[in-house]
Peer 1: 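Before I ask anything, let me first share the structure, which is written out below as structure tokens.
Below, chain A is the first sequence line, B the second, and so on; all start at residue 1.
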Amino acid sequence: MLLLEHSVEKVHPNTLTSGLGGLINNNVNLSVASNVTATAPKYTRGSMNANSEWQSNELIPAELSVNVQTYKHECAMTLANLYETLNEEDYWSGVWQKHAHYKETLIGIAYEQQGFFEEAKSSFELVMSKARNDYSNQPASFSMNDELCLWERHWIRCSKELNQWDFLLDYGTTNDLPNWMLVLESAWRIPDWDKMSKAIMAMETNMPSDCTWKLALYKGYNAICNSNNRNLEQVEQMVELSTNFLIKEWRRLPSIVSSAHIRILHAAHQVIELQEASHLHQGLFTASGLSHPGLYIHERPQVDIRAVIKTWKNRLPIVADDLSHWSDIFTWRQHHYQAIVSRYDTDGSRINAANGQNSLIGSHASAQSLIHYARIARKHCLFNVSLDSLNRIHTIPKVPIVDCFQKIRQQLKCHLQIHSTNPSGDDLQEGLSILESTNLKFFQNDSIAEFYAMKGHFYSKLGNYEEANRSFSAATQIQDTLVKAWALWGEYYDDLFTRCEVFANRDITLGERAICAYMHACRHQNEAKSRKFLSKVLWLLSYDNDQHKLTIATEHYNPGVPPINWLPWVPQLLQSLVRERDGNQLISIVSQVSKIYPQAVYFPLRTMYLFIKMEVREIKYKIRKFFLNFVRFL
Amino acid sequence: MWRCSRIMHHQRDLNSNVMTTLEGIVDQLMNLREDWNEEILRQLRLALAKCYHSAFETRDNVADACFSMPTFQFLRKLIVTFVSDTETESSEATSVQRRSQITVQDLDWVQMKPNFVKDFSFKGSRKLRDLIVKLKKWIKILEAKKNLSPKSWLLEEKSHYLSNFSNQIGDIALFGEFLLPKVFPAVVSISRFMPRVDIVNKQYNSARRFYVRGHNGKEYPYLGKDFLDISLSN
Amino acid sequence: MTDSTYIEARREERFLQLQRLLNLYLGKHKETARRLLNFTVPRVVSIAPNIRVVEDNVSSLSLMEILKQYASISPDNPIARYYERLIAIQAKDQQPTPQHLREILGEIQSSIVPNTLLREWAMQSFYTATDLWQFRKWFTLQLGLANLSEFAFYLSRLNPEMMYIHRDSGLMNISYFRFNLNEDIGKFPNLDLIRFVSKFFSRTGELMSNLPVPFRLTSNLQNFVTESGILGPLTATMISTASCLVHPNFKVRSIILVIMRDEIISWYKRVKWNEKVALVSTLKLTSSELANSQQTFGNSGGDSHTDESSAAAAAAELQSIEEQKRKNKLVALLSKQSAQMPEINNEELVSLAKKAVNSIMSRLQSKSLSLSLSFHNN
């Protein structure tokens, strides 16, 4: 009971740690613990405490499953809820695997766990309609309640990850009982500041205490962006408030940083950008508030704008972060980029070079963030989200040409990736038609070269090899340091070369060309990115003929490739070096690597040398021994 | 082979200082190798593992299973290496000679030797079961002897060179620092070898744990050990 | 001894190298990156064919050491008990039935190695619940990585002494993992037999899966990781790692190809070497046989000079001439090859390496993986 009181009051977790730790270690009567866990849901829901979670987790599966058969379901649900609050998604799903009533729930969870949010969402929709049928005549049992809640909660989460905020806003408001939290989370993105203000009012009194920081943050958002309610002084206050709440939340978590902490770090990211946005607006609107904006006033904010934009560009989430977090950050920035554009565009009636430039900076940043978001969505394999985001670029007036290039590039990559996961669709055709309809004359040379390279790639995927080869050659002629072009060209020759069914019939010249292209691609690329090219080169060496054509080609094109790119492949280089077939030509490559990284080559080389020496001696010894036997016998 | 030596020559020409230092370190690290007691122990443990393997394969008839030819040869080689004083012709002649000289000098071993030979000469039974019992017995004896020896010693006792090494002698990166590319400022180089060397027992063998201090002030423990072939196929 | 040591050491290092290379992609793929999945690969540097320097973690220990140190149980005891029981059954002229085996296992678990041992060890090793929980979570993830590797890359079996657990983090590195290539050919002592076998079973040099279970999940591990750990993070780790490695943009296949290429080259050398050794030993055998026969012939010759014996002498002489011819041939063969090690030709190399990588990639595809997972979950 002592423990219960503690968790209600949410004391510092270390108190709990010692209490529970002691409980476990001393093997105190387990039935006490079972009561705690059975009645815990009410209290622990929403309280982040790894220790009580750990305790129930330790006890439930093994010792308690027999004792508390009656409470088993409740225990499991408490545990699942705790895992969810702690952000331990995998453990959460592990509990549900045993307790879900519907198979579709499990399928949905499994999809969600691996980032397939579209599939997960439809799975939850399916199970919801199924349950509606099943329980249309009879009420659902009490134990089903948790599963019912899970569907809605995770359906919402999937929609968030799929960037369907307008949809969520509708969903949040159309219900009889509005989901104000959801409104709060989605309204500012659309943006619908009226709804946002309403939601803030509604949540003011009944915000769960661990989300107080969120309310403060959104109030800050509202104070900057809601034109009816602009109050930049309030922002500073909100920044401080939410920071304090976050620090409190952080203190309540265990000392080891884990996934539960990530949410707070994400939140901190949002808070700092709230503050920066308010500075930016101070710059923008104090200037505009003046009735006669002179030249020197324009210059001052411009520096601020640039500095803020630069900071933001350098402060990105990481690929492991959920797409919803990327959206949190980018959507917020988007509002300000657009504010910059409209601020200087409205002034644009009085033609002014500085204004024009500022507005361009805004649209460039705005387009870039949409493209970057699309790129991440593609990396998360959420292709529809990615293509949607790219299409939204058309909403920006006057998109700089570089961004048009990037946009098309991402579009093409998206279609390629869809094709490689699902080759049956017509994504190749679609990609090619995007390329055909692009008017190249606006672009710079390296962009044009890359378009040609992509065209070649699409053609070769579609089996039009001649056209492909022509495009690649055009690409490298326009820009001969373009990594992408060489890499794709290498892949093209590689395919043609290795496709040959009969080994003896292979066309060595194709192999040479593949190696040539791959080696070119490695010249202007860092190690991580050129790794796959060198691996292909090393593999192609297996196809060499008696004239060592391929090895010779490798050595021939090696100058210009930074030795660091070979570093991970030292064992393979040495293996080939001592192979009778292709050794000689590799001496110069190994020497070059060893010149800069003597240690990296010395150890394996020495070991190998000693081994070969031993091996030769061993053979000689065996043969001598055999001769001796032989002679003795004669 | 000549290609290897050519590159090694080439290396020596180019980075003579680094190469001499590296050669020095490698040479001295060899001094940290296990002694005869540990080596026999390791071989016996391996032999036991091999026996367990063949025991499992012949589990249809546990009582009568005999040990295999390779196991027999393995043990015979062990005896030849550590017991016979005669010069062997094996390719590893030098190291074996060195070993047998040391083992001849060790009084304990001289006392143990006749029993050891008796147990593993296999005049009588070739049953796997008996062999396993004998192996376990000898492992116990040698383990007891090993427990009497010190658990750690000073690096200075074995290698003056290493204990006095500093990064003024040569700029050497930590072992394995270049297995994956790192940009140069991130590469940690050795500033010195710490004076203490621990003897650590692993499943089959014992290893030497020495500590290297990087130029960043952090200490990196490393194990120097003989690689074990624990594949049980032969 | 020394040869195989060197070769096995390189084989292990090859897999370590592959893990190091793959870590880059695990960090780039969302589902693996967010779980912070990363192979724990110590730095290993060989300084001589059989000696190497290995990065160490002072707090790491193997499952076997936990058994020995924490529970003070010699690993020999359960093995001894197993064979005692087998002998008892076989003494009654029976072979153990699955029922018997289950009983033996049950007895060992109840009297020697309880299957809660690992859990108890962990409970005692950590002061706070948070530490223990974190340790267990990391342990589970790392076990998932090890298990996926063992299954998908056709590795040698994961034994308890190979698994090094870092107590300070829950990370785990596996030593002595190697690709499990079929090298039966080297085991046959007789050359003709080798040719015979290789004619009918051209399966040598392929990755083998002869293990009774796809990966290690013993009752002690199960007990420690708990059911929701297995159904949750362990499974999720394996699935997300596999999906990372088959991601089309990473071209992991070409990296595995290069590693397998080396593996096949060294496999071929090893097999040819064994063949050579086998050849030499068959020669020894025949020569000693001949010596024996000559001896008996000489002895009988001393007793009497009958026609029969001279006929035998002539036959023996004929035989020895035949033998000599064969031997001369072999000697020539040996001395020609002695200067260099045999090398695999490129065509065979390409086809074997490709075959091996195809089987790895197909194991990483979802179907066979989910099969292996359901194997354990049932």
Peer 1: Less than 4.5 Å to any heavy atom of chain A: does that hold for the side chain of B:Glu177, its backbone, both, or neither?
Peer 2: neither
Peer 1: Name, in order of residue number, those residues of residues 480-487 of chain A that have a heavy atom at a distance of less than 4.5 Å from a heavy atom in chain B; otherwise write 'none'.
Peer 2: none
Peer 1: Could you check whether atom NZ of A:Lys529 has more than 12 heavy atoms from other residues, nucleotides or ligands sitting under 6.0 Å from it?
Peer 2: no
Peer 1: Check the angle between the aromatic planes of B:Phe175 and A:Phe603 and answer parallel, tilted or perpendicular using the 30° and 60° thresholds.
Peer 2: tilted
Peer 1: Most heavy-atom pairs under 4.5 angstrom with chain B, which of A:Ala600, A:Ser594, A:Pro604, A:Pro571?
Peer 2: A:Ser594
Peer 1: State whether B:Tyr211 and B:Arg213 meet the cation-pi test: NZ (Lys) or CZ (Arg) under 6.0 Å from the six-membered ring centroid, and within 45° of the perpendicular axis.
Peer 2: no
Peer 1: Output yes when A:Glu527 and A:Arg531 qualify as a salt bridge under the 4.0 Å nitrogen-oxygen rule, no when they do not.
Peer 2: yes
Peer 1: Does the plane of the ring in B:Tyr161 sit parallel, tilted or perpendicular to the ring in B:Phe165? Use 30° and 60° as the thresholds.
Peer 2: tilted
Peer 1: Output the distance between atom NE2 (A:His520) and atom CD (A:Gln525), rounded to the nearest 0.5 Å.
Peer 2: 14.5 Å
Peer 1: Consider only side-chain N and O atoms of B:Gln28 and B:Ser159, and report whether a donor and an acceptor are under 3.5 Å apart.
Peer 2: yes
Peer 1: Would you mind checking which part of B:Leu174 comes under 4.5 Å of any heavy atom in chain A, side chain (CB onward), backbone (N, CA, C, O), both or neither?
Peer 2: backbone
